[in-house]
Protein chains: 2
Amino acid sequence: MEVRRRDIHNSDIPVVCRACEARHGGVCGALTAEQLTELNKHSSRHRLETGAEVIGQGETVVNYSNIMRGVVKLTKVMADGRQQIVGLQFAPDFLGRPFLTESAITAEAATDSEVCNFPRNVLDRLVKRTPELEHMLHQQALKELDEARDWMLTLGRKTAQEKVASFLYLIATHIDPESVDMSAFDLPLSRADIADFLGLTIETVSRQFTKLRKENVIRIENNRHVTVPDMDRLMRYAGND
Amino acid sequence: MEVRRRDIHNSDIPVVCRACEARHGGVCGALTAEQLTELNKHSSRHRLETGAEVIGQGETVVNYSNIMRGVVKLTKVMADGRQQIVGLQFAPDFLGRPFLTESAITAEAATDSEVCNFPRNVLDRLVKRTPELEHMLHQQALKELDEARDWMLTLGRKTAQEKVASFLYLIATHIDPESVDMSAFDLPLSRADIADFLGLTIETVSRQFTKLRKENVIRIENNRHVTVPDMDRLMRYAGND
DNA sequence: CACGCCATTTGATTTTGATCAAGTGCAAAG
DNA sequence: CTTTGCACTTGATCAAAATCAAATGGCGTG
């Protein structure tokens, strides 16, 4: 299923890409050395402070990105300000909606992050010529779709307690793909963001955190650092039996 | 069923596909006459009664399908029976999750429907050889992703009233792609299904229907037939300003 | 026609989570 | 070391939707 470039050690690959690809294996993995060089000519890396907007709802898409480091949240807002986080992207996810000029969502750094930007038209051209690249993007879209549907069940049918536990489980399993130990991690989102992700208020989120803490499902230090003594127990609280 | 020949220059295309493709333009539109003939050799059409399961959560995927007629609901269930509809597919949508052998969802006919089935391995082989086909599937996945994210906002942040209005608006705009007049249609789902789609109970759905009826936003006959005198007004009730 | 079987509606009550309103704790600025 | 500003927590109350419990209203069958 996974298709890897054979010439992974080829020295024609741009230096900046070599480290990245080795660590992450994002969509760039579908490209030949020449294509990578070509793309790299037009691409640029950027640091994003927490809260920095990558693209706004309704704006014209000029760039796609790869997330190198950090967490990016995808949000939708209603006219009256109600807001829902519709996706979280972790490194090394591809960020962008191929084939549409206007973004239907806002993408914003949830933590300090680093991204690699490519101009839309350069990548679009490359996609047309590189079926393997479209395949990678297709896989990414399908992964996001699976995640979105999982989350729809959470939003529509779970209790506040289960929602919060589901969130913690999601973060535990996604925050650090390198690490084997998922039992300790920092939350990439504020209480307000967590509420927006879960379709709750910050007060309800806070109360559920307190409850989970009192029942020894989690421990919390400094509001952001979470320890999970028994991951299976957390999963049961999340309603994933 | 009588199938008319619509284009004398396409006489290599299987008769059964010619009418379908002309009417709908689904993913098969990406295929050459030969590929269509090849695929058609292995494909088969089926009528599905309301409630018939196309595939169950956790089952092995053996077929992909095109929906020829009707509405198919995609659902997820929790261990304790709580259920959430995570997608509705209308003709001529492609039905299936490429590149995964185990289905994460249940697909079930919401109305009497007709589908065209292709064996998974035949289509998978064809996808590898036909970038244009993967492109179509990619577009379909992105469309479903956009819809899923729209719905996440509805599930997470809208009131019961807005949810029901949003559902009616969704159906009005999707049920009959041919028709210009969206103001009258039959609901493809029972109250129970609507509740599962909206993350509500049937009682709440019923009450909101009654309220919308009393406020003259909609009229209902025989529980299933809906008339919308002012679509913009419905849209406002749905919170889509 | 009467009957039972559905799906749907309606009503009474309870529960959950939202809202409103203080408090707490911590870190940066004065 | 105070003050100020956040982010978060906690408590009291309120409202929306769930739950429990009957009705109602076709619709097909005996």
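Chain identifiers are assigned alphabetically (A, B, ...) following the order of the sequence lines, protein sequences preceding nucleic acid strands; residue numbering begins at 1 within each chain. Since this is a predicted model, take the numbers as computed values, not measurements. What's counted below: heavy atoms across the whole structure, side chains too, no hydrogens, waters or symmetry copies.
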Visitor: Report the distance from atom CZ of A:R149 to atom NZ of B:K76, rounding to the nearest 0.5 Å.
Guide: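 Rounded to the nearest 0.5 Å, the CZ-NZ separation comes out at 9.0 Å.
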Visitor: How does DNA chain D read in dot-bracket, base by base from 5' to 3', with Watson-Crick or G-U pairs under 3.5 Å and | used when the partner is on another strand?
Guide: ||||||||||||||||||||||||||||||
Visitor: How many Å lie between CG on A:N222 and C1' on C:dA27, as a whole number?
Guide: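 Taking CG of A:N222 and C1' of C:dA27, I get 12 Å after rounding.
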Visitor: For residues 101-108 of chain A, dump all side-chain donor-acceptor pairs below 3.5 Å to protein atoms at least two apart in sequence or in another chain.
Guide:
from	atom 1	to	atom 2	distance (Å)
A:S103	OG	A:I105	N	3.3
A:S103	OG	A:I105	O	2.6
A:T106	OG1	A:Q57	N	3.0

Visitor: Return the set of residues passing side-chain hydrogen bond (donor to acceptor under 3.5 Å, both in side chains) with A:S43 (not counting sequence neighbours), or none when no residue passes.
Guide: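 Partners of A:S43 by the side-chain hydrogen bond (donor to acceptor under 3.5 Å, both in side chains) criterion, ordered by chain and then number, come out as A:N40.
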Visitor: I need the CD-P distance between A:Q83 and C:dA18, as an integer number of Å.
Guide: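 Between P of C:dA18 and CD of A:Q83: 15 Å.
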Visitor: Is there any side-chain hydrogen bond (donor to acceptor under 3.5 Å, both in side chains) pair reaching into residues 225-237 of chain B, and which pairs are they, with sequence neighbours excluded?
Guide: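 For residues 225-237 of chain B, and leaving out neighbouring residues, the side-chain hydrogen bond (donor to acceptor under 3.5 Å, both in side chains) pairs sorted by first residue read B:D186-B:H225, B:E215-B:Y237.
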Visitor: So, using side-chain hydrogen bond (donor to acceptor under 3.5 Å, both in side chains) as the criterion, who are the partners of A:K158 when residues are at least two apart?
Guide: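 side-chain hydrogen bond (donor to acceptor under 3.5 Å, both in side chains) check on A:K158 returns A:S166, A:N240.
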Visitor: Measure the distance from NZ on A:K163 to C1' on C:dG17 and round it to the nearest whole Å.
Guide: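 These atoms are roughly 9 Å apart.
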Visitor: Calculate the interatomic distance between A:L189 atom CG and D:dA7 atom P; express it in whole Å.
Guide: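 For the pair A:L189 CG and D:dA7 P, the rounded distance is 14 Å.
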Visitor: For the pair made of CG in B:D196 and P in C:dA7, what is the distance, rounded to whole Å?
Guide: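 The distance from CG of B:D196 to P of C:dA7 comes to 13 Å, rounded to the nearest Å.
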Visitor: What residues, two or more places apart in sequence or in another chain, satisfy side-chain hydrogen bond (donor to acceptor under 3.5 Å, both in side chains) together with B:T75?
Guide: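 So B:T75 forms no side-chain hydrogen bond (donor to acceptor under 3.5 Å, both in side chains) with any residue.
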Visitor: From CG of A:N223 over to P of C:dC26, roughly how many Å is that when rounded to an integer?
Guide: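 So the CG-P distance, A:N223 to C:dC26, works out to 9 Å.
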Visitor: Determine all donor-acceptor pairs shorter than 3.5 Å in which one atom belongs to a side chain in residues 77-87 of chain B; sequence neighbours excluded.
Guide:
from	atom 1	to	atom 2	distance (Å)
B:D80	OD1	B:R82	N	3.2
B:D80	OD1	B:R82	NE	3.3
B:D80	OD2	B:R82	NE	3.0
B:D80	OD2	B:R82	NH2	2.9
B:R82	NH1	A:R157	O	3.0
B:R82	NH1	A:E162	OE1	2.7
B:R82	NH2	A:E162	OE1	3.4
B:R82	NH2	A:E162	OE2	2.7
B:Q84	NE2	B:D196	O	3.0
B:Q84	NE2	B:F197	O	3.0

Visitor: To the nearest angstrom, how far is B:E221 atom CD from C:dT8 atom P?
Guide: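 For the pair B:E221 CD and C:dT8 P, the rounded distance is 16 Å.
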Visitor: Could you go through nucleotides 16-19 of chain D and list every protein N or O atom that sits under 3.5 Å from one of its N or O atoms, giving the distance for each pair?
Guide:
from	atom 1	to	atom 2	distance (Å)
D:dA17	OP1	B:A160	N	2.7
D:dA18	OP2	B:T201	N	3.4
D:dA18	OP2	B:T201	OG1	3.1
D:dA18	OP2	B:T204	OG1	2.2
D:dT19	O4	B:R207	NH2	2.8

Visitor: Got a sec, which residues hit side-chain hydrogen bond (donor to acceptor under 3.5 Å, both in side chains) with B:R97, two or more places apart in sequence or on another chain?
Guide: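 B:R97 satisfies side-chain hydrogen bond (donor to acceptor under 3.5 Å, both in side chains) with A:D146 only.
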Visitor: State which of D:dC8, D:dT10, C:dT10 makes the closest approach to the side chain of B:R213.
Guide: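 Looking only at side-chain atoms, B:R213 lies closest to C:dT10.
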Visitor: At what distance, to the nearest 0.5 angstrom, does CZ of A:F167 lie from OG1 of A:T154?
Guide: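 One gets 12.0 Å once the value is rounded to the nearest 0.5 Å.
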Visitor: Take the protein atom NE2 of B:H225 and the nucleotide atom P of D:dG26, then report the distance between them rounded to whole Å.
Guide: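 Atom-to-atom, B:H225 to D:dG26, this comes out as 17 Å.
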